[in-house]
Amino acid sequence: MKIRNRMKLEFMSCSENVGLARVAVAAFASGVDFNLSDLEEIKVAVSEAVSNAIIHGYEGAATGVVTLSALLSDGSLEIEVEDAGQGIADLEQAMLPGNGSDPERLGLGFVFMKSFMDDVDVWTEVGRGTRVKLIKSFPVSENSGKTAEN
Ligand SMILES: Nc1ncnc2c1ncn2[C@@H]1O[C@H](COP(=O)(O)OP(=O)(O)OP(=O)(O)O)[C@@H](O)[C@H]1O
Ligand SMILES: [Mg+2]
């Protein structure tokens, strides 16, 4: 697997940074042959994962650290959103639609992530934190990744 680009961004767990994460990932992915609706879906998935880290992982406290990393290889974009918050006790349950811990919320974040991305992989441990990996593939065109020569 040839790595074409990678990035890592660390920010505090305040809600303003959901927008920062969206913009950063959109900019990172903009060099790839994703169409506009793919890009929109990636942004929604990232927003959901980052919101979860802030709202649930750190229970709304703005003092936690969220790490967003992204890796671009031939044909796929891999994004990781990680928090060192409370973790998820029953992941299988938490991923079902409408099964969140907060009755005021729809409980659809994971559902959106799974429907918008090709693969969603979650590592979590109570008291340690949560890491959500989001993968989306894209068609590789012949000259993608090459820069124009004059
Ligand atoms: N990073 C996280 N840390 C701790 N718990 C989490 C984390 N992400 C998700 N969860 C748990 O998983 C549940 C389901 O998450 P999901 O995003 O699907 O729904 P929600 O956040 O409750 O509602 P919505 O995303 O629709 O506002 C959450 O209610 C929460 O209990
Ligand atoms: Mg959510």
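Whatever order the structure lists ligands and atoms in, that order sets their numbers, starting from 1. The chain is numbered in sequence order, starting from 1.
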Next item on the list: Identify which of Gly107, Ala53, Gly100 has a heavy atom lying nearest to atom 23 (O) of ligand 1.
Entry: Gly107
Check: Looking only at heavy atoms, is any part of Asp83 under 4.0 Å from ligand 1, and if so is it the side chain, the backbone, or both, or is it neither?
Finding: side chain
Margin query: With heavy-atom distances below 4.0 Å as the criterion, list the atoms of ligand 1 near Thr130.
Written below: 1 (N), 2 (C), 3 (N)
Next item on the list: Flag the pair Met117 / Ile135 as yes when at least one side-chain heavy-atom distance between them is below 4.5 Å, and no otherwise.
Entry: no
Next item on the list: Could you check atom 21 (O) of ligand 1 against the protein and tell me its nearest heavy-atom contact, residue, atom and distance included?
Entry: His56 NE2, 2.6 Å
Note to self: Let me confirm one number: the CZ-CG distance from Phe28 to Leu77, rounded to the nearest 0.5 Å.
What the structure shows: 6.5 Å
Margin query: Strictly under 2.8 Å of the Mg ion (ligand 2): which protein N/O/S atoms qualify?
Written below: Asn52 OD1
Checklist line | Arg22/Glu40 ion pair, N-O < 4.0 Å | finding: yes
Check: Against heavy atoms of Gly109, which atoms of ligand 1 measure under 4.0 Å?
Finding: 16 (P), 17 (O), 18 (O), 19 (O), 24 (P), 25 (O), 26 (O)
Checklist line | Closest candidate by heavy atom, reference atom 6 (C) of ligand 1, pool Asn99, Ile88, Asp102 | finding: Ile88
Note to self: Below a 4.0 angstrom heavy-atom separation, can you tell me which part of Glu48, side chain or backbone, both or neither, approaches ligand 1?
What the structure shows: side chain
Item checked: For Gly57, the ligand 1 atoms whose distance to one of its heavy atoms is below 4.0 Å -> 2 (C), 3 (N), 4 (C)
Checklist line | Any residue meeting side chain to side chain donor-acceptor pair (under 3.5 Å) with Ser137, in chain and number order, not counting sequence neighbours | finding: Asp118
